[in-house]
Amino acid sequence: MHMMDQQASATNVVSLRQGFLPRHREYLMRWLQAGACMGLCDADITNRDENDEIDMDHVLVWVRENANPAYMVRPEGMGWVLIDQIRERPLATYRSFEAALHAIRPVLSCGATVAA
């Protein structure tokens, strides 16, 4: 009986992971618009899809200086990881999506959020 309890509890584990909410999309659009004069060109949110090989949600950010995406922001655990996409290196982990974007280009006031 003890073995069955261990197997049952192992299957009930739910990993803590954030995802992109409508408020994140809204903030991203405001941030892009505000940052256009500072070289922000475009961003794309890729959502996880059962039929796709991509196994996590992420945002790619393009800047004027490069034709390839320069940055990736993705949820990891309870934080948001900012990655230098060109060099394929993590730069830092932030407590909020907004803080990760602020690290790329500080075009909106730090701590600004969108109501859920």
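Sequence positions, counted from 1, serve as the residue numbers for this chain. The structure displayed is predicted, hence computed values, not measured ones.
Partners of Ala34 by side chain to side chain contact (heavy atoms under 4.5 Å, CB included), not counting sequence neighbours, listed by chain and number: Val107, Leu108. Thr93 pairs by the side chain to side chain contact (heavy atoms under 4.5 Å, CB included) definition with Val81, not counting sequence neighbours. Every residue meeting the side chain to side chain contact (heavy atoms under 4.5 Å, CB included) condition with Ala103, not counting sequence neighbours, appears here in chain and number order: Leu82, Tyr94.
Cluster annotation: Val61 is connected to Met38 through the hydrophobic network of ILVMFWY side chains, with a link wherever side-chain heavy atoms come within less than 4.5 Å.
Pairs engaging residues 58-67 under the salt bridge (charged side-chain N to carboxylate O under 4.0 Å, His left out) rule: Glu65-Arg105 [sequence neighbours left out]. Counting only residues at least two apart or in different chains, salt bridge (charged side-chain N to carboxylate O under 4.0 Å, His left out) contacts with residues 35-47 are absent.
A heavy-atom distance below 4.5 Å is found between the side chains of Tyr71 and Val63. Side-chain atoms of Val59 and Arg74, non-hydrogen and from C-beta on, never get closer than 4.5 Å to each other. No side-chain heavy atom of Phe97 sits under 4.5 Å from any side-chain heavy atom of Leu21. The side-chain heavy atoms of Val73 and Leu101, taken from C-beta on, include a pair separated by under 4.5 Å.
When all heavy atoms of Phe20 and Pro75 are compared, the pair lying nearest together is CE1-CD, 4.0 Å. The two residues Cys41 and Leu32 come nearest to each other via the heavy atoms C-CD2, 4.4 Å.
Taking CD of Glu26 as the reference point, atom CG of Leu28 lies at 11.0 Å (rounded to 0.5 Å).
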Would you mind writing out the side-chain donor-acceptor pairs for residues 84-91 within the sub-3.5 Å range, not counting sequence neighbours?
from, atom 1, to, atom 2, distance (Å)
Asp84, OD1, Ile86, N, 3.1
Asp84, OD1, Arg87, N, 3.0
Asp84, OD2, Arg87, NH1, 2.7

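Ring centers of His24 and Trp80: under 6.0 Å apart, within the cut-off.
In summary, Glu98 and Arg23 engage in a salt bridge, as defined by a charged side-chain N under 4.0 Å from a carboxylate O.
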